[in-house]
Amino acid sequence: MPRSFLIGAVTSVLLLTSCTAGPDQQSADSTSEGTSGAITIPVTGISLLPTAGATESPSSSSPTPTTQPGVLTGPGIDDTTITLGSLVDPEADRGFQQGLALWAGSINNSGGVCGRVIQISTGTSADLARSYRDLGASVLGFATSAATEAQADSLAGLMTADQMPALTFGGSSTDLRQVSPVIIGPTDDILAIDALNYLITSGTITTGDTVGVLLNTSRAAQDALKGLRWRADLEGIALETTTDPDIAAADFAVLPAALALVDPAVAAGLAHELPLTTVVLTNESGYRADLVSPADARHLRVVLATPAYGSDHPGAVAVAAAFSAAGMVDPGPLLFAGYAVGATWQRLLAKACDEGNLTRDAVIA
């Protein structure tokens, strides 16, 4: 079954796995990289500030907590501020930091959490492991978005060893086993299942049809293939899989639909080669607006874990309105993902505050 999830925030945002009507309706990638400067929202004054490197290791940053007005506190907490770290590779940003900053601004405008405002500190290096070590001693926990699986694995190893609370939006089903960061959104297999559901419910495919699948050897693509096989078996749909773009361009031309679980250039190439009668689906990591011509966009669909910016979904409308009111521009496709990670942090912080324990151990628990 497709998975939906409710994120509690100042305005509750229901984020549903969705398939856009076409990439031509989406904005281009965000130009706000967020790792070398500050993202500032004029309405609120909240900034994502690059932080000078700390000399302590994250694992050494868990001193005996102190008690402040009835609340037990630890790293990243003082009388007025809760500091979270943001580890986002510029190549994986695509609006994620904008969403995180928008959430922080909305919370601070509403009085903060536990009588404290939210501050988000970013690393100064594209090497996320290095930035993690720099920031670890001074934050309560992290929001992360890695560009590569190797980068994500490195962070997960460090964070798990240090018992560092962290949240990320997506990943593969195998990543659900890791202690940190915790995935809050649909995994790659679920997104693939929803992609096939879209083809079924839209009438593009039916029992007995064959769907082409062009994929690479990444963990994400292999996880997606598991989801596709599970859903296809239930519906009596055949899958024709290949890792060769040339074979895909030749063989998929007679099929009603094809999925491109590959990098953006290859996905754009497949959309260009296949006829308009073949619906082509890819995911957020396989799509770049500047690589797809308007003609090819007519039969290309992008599967997202959230509604696209401009959607009439109530939660999307509320966040988009806040984005506009904050004077922010060029929303990226991960704007809502960044906001959702922040909103999930809010739930954790509110619960920890209610229990009088703003420490890492309490957040993990």
Side-chain angles (χ1 to χ4, degrees), residues 1-5 7 15-19 87-89 91-96 99 128-129 132 141-161 164-199 211-234 239 241-243 258-264 266-267 281-288 301-306 333-334 336-338 340-341 344:
M1 293 290 291
R3 180 169 64 191
S4 64
F5 47 99
I7 304 297
L15 299 172
L16 298 175
T17 303
S18 63
C19 190
L87 299 174
V88 181
D89 188 297
E91 293 184 16
D93 190 333
R94 310 191 76 183
F96 184 92
L128 298 192
Y132 169 71
F142 287 94
T144 76
S145 183
T148 66
E149 290 174 353
Q151 195 177 63
D153 289 345
S154 176
L155 274 182
L158 291 170
M159 290 175 170
T160 297
M164 177 70 73
L167 302 176
T168 192
F169 190 75
S172 299
S173 60
T174 54
D175 297 331
L176 295 173
R177 302 188 186 102
Q178 66 196 22
V179 173
S180 184
V182 172
I183 297 171
I184 69 162
T187 47
D188 297 312
D189 56 339
I190 299 298
L191 285 174
I193 290 169
D194 280 0
L196 211 55
N197 284 340
Y198 166 78
L199 293 173
V211 173
V213 183
L214 174 63
L215 73 165
N216 54 34
T217 58
S218 68
R219 185 167 67 235
Q222 298 305 312
D223 194 51
L225 183 58
K226 291 179 186 177
L228 289 174
R229 284 174 171 160
W230 177 83
R231 187 68 181 92
D233 286 346
L234 289 179
L239 300 178
T241 64
T242 182
T243 58
L259 279 79
L261 306 174
V262 287
D263 66 50
V266 178
L281 283 84
T282 189
N283 51 24
E284 180 272 328
S285 62
Y287 171 67
R288 280 260 306 275
R301 304 288 181 268
V302 180
V303 181
L304 297 174
T306 68
L334 292 183
F336 295 147
V341 167
T344 306

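Atom set for the values below is all heavy atoms of this structure, side chains included, hydrogens, waters and symmetry mates excluded. Small disclaimer: the values here were computed from a predicted structure and weren't measured. In this chain, numbering begins with 1 at the start of the sequence shown.
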Which heavy atom of Pro186 sits nearest to which heavy atom of Ala305, and what is that distance?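 Scanning both residues completely, I find the closest heavy atoms to be CG-CB, 3.5 Å.
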Where is the tightest heavy-atom contact between Asp189 and Ser173, given as atom of each residue plus distance?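 Nearest heavy atoms, Asp189 then Ser173: OD2-CB, 3.7 Å.
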Evaluate the side chain to side chain contact (heavy atoms under 4.5 Å, CB included) criterion for residues Leu215 and Gln222: first the C-alpha distance (whole Å), next the side-chain angles of each, then the deciding distance (0.1 Å), finally the verdict. CA-CA 8 Å; Leu215 73 165; Gln222 298 305 312; 3.5 Å; yes
[Y] and [X], any side-chain heavy atoms less than 4.5 Å apart:
X: Leu281; Y: Tyr198; value: yes
X: Val303; Y: Leu259; value: no
X: Leu128; Y: Thr144; value: no
X: Thr242; Y: Leu214; value: yes

Nearest-0.5 Å distance that lies between atom [atom1] in [X] and atom [atom2] in [Y]:
X: Lys226; Y: Thr187; atom1: NZ; atom2: OG1; result: 10.5 Å
X: Leu167; Y: Ser180; atom1: CG; atom2: OG; result: 8.0 Å
X: Leu191; Y: Asn197; atom1: CG; atom2: CG; result: 11.5 Å

What residues, two or more places apart in sequence or in another chain, satisfy side chain to side chain contact (heavy atoms under 4.5 Å, CB included) together with [X]?
X: Ala147; answer: Asp89, Glu91, Ala92, Gln151
X: Ala267; answer: Ala260, Val262, Thr282
X: Ser218; answer: Glu149, Asn216, Ala220, Ala221

Among residues at least two apart in sequence or on other chains, which ones pass salt bridge (charged side-chain N to carboxylate O under 4.0 Å, His left out) with [X]?
X: Asp175; result: Arg219
X: Asp233; result: none
X: Arg231; result: Glu235

Assess the residue pair Ile184 and Phe169 against the criterion (side chain to side chain contact (heavy atoms under 4.5 Å, CB included)); give the C-alpha distance rounded to whole Å, side-chain angles, the decisive distance to 0.1 Å, and a yes or no. CA-CA 5 Å; Ile184 69 162; Phe169 190 75; 3.9 Å; yes
Answer yes or no: is there a donor N or O on one side and an acceptor on the other, between the side chain of Thr344 and the main chain of Ala340, under 3.5 Å?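 Checking the backbone N and O of Ala340 against the side chain of Thr344, a donor-acceptor pair under 3.5 Å is found.
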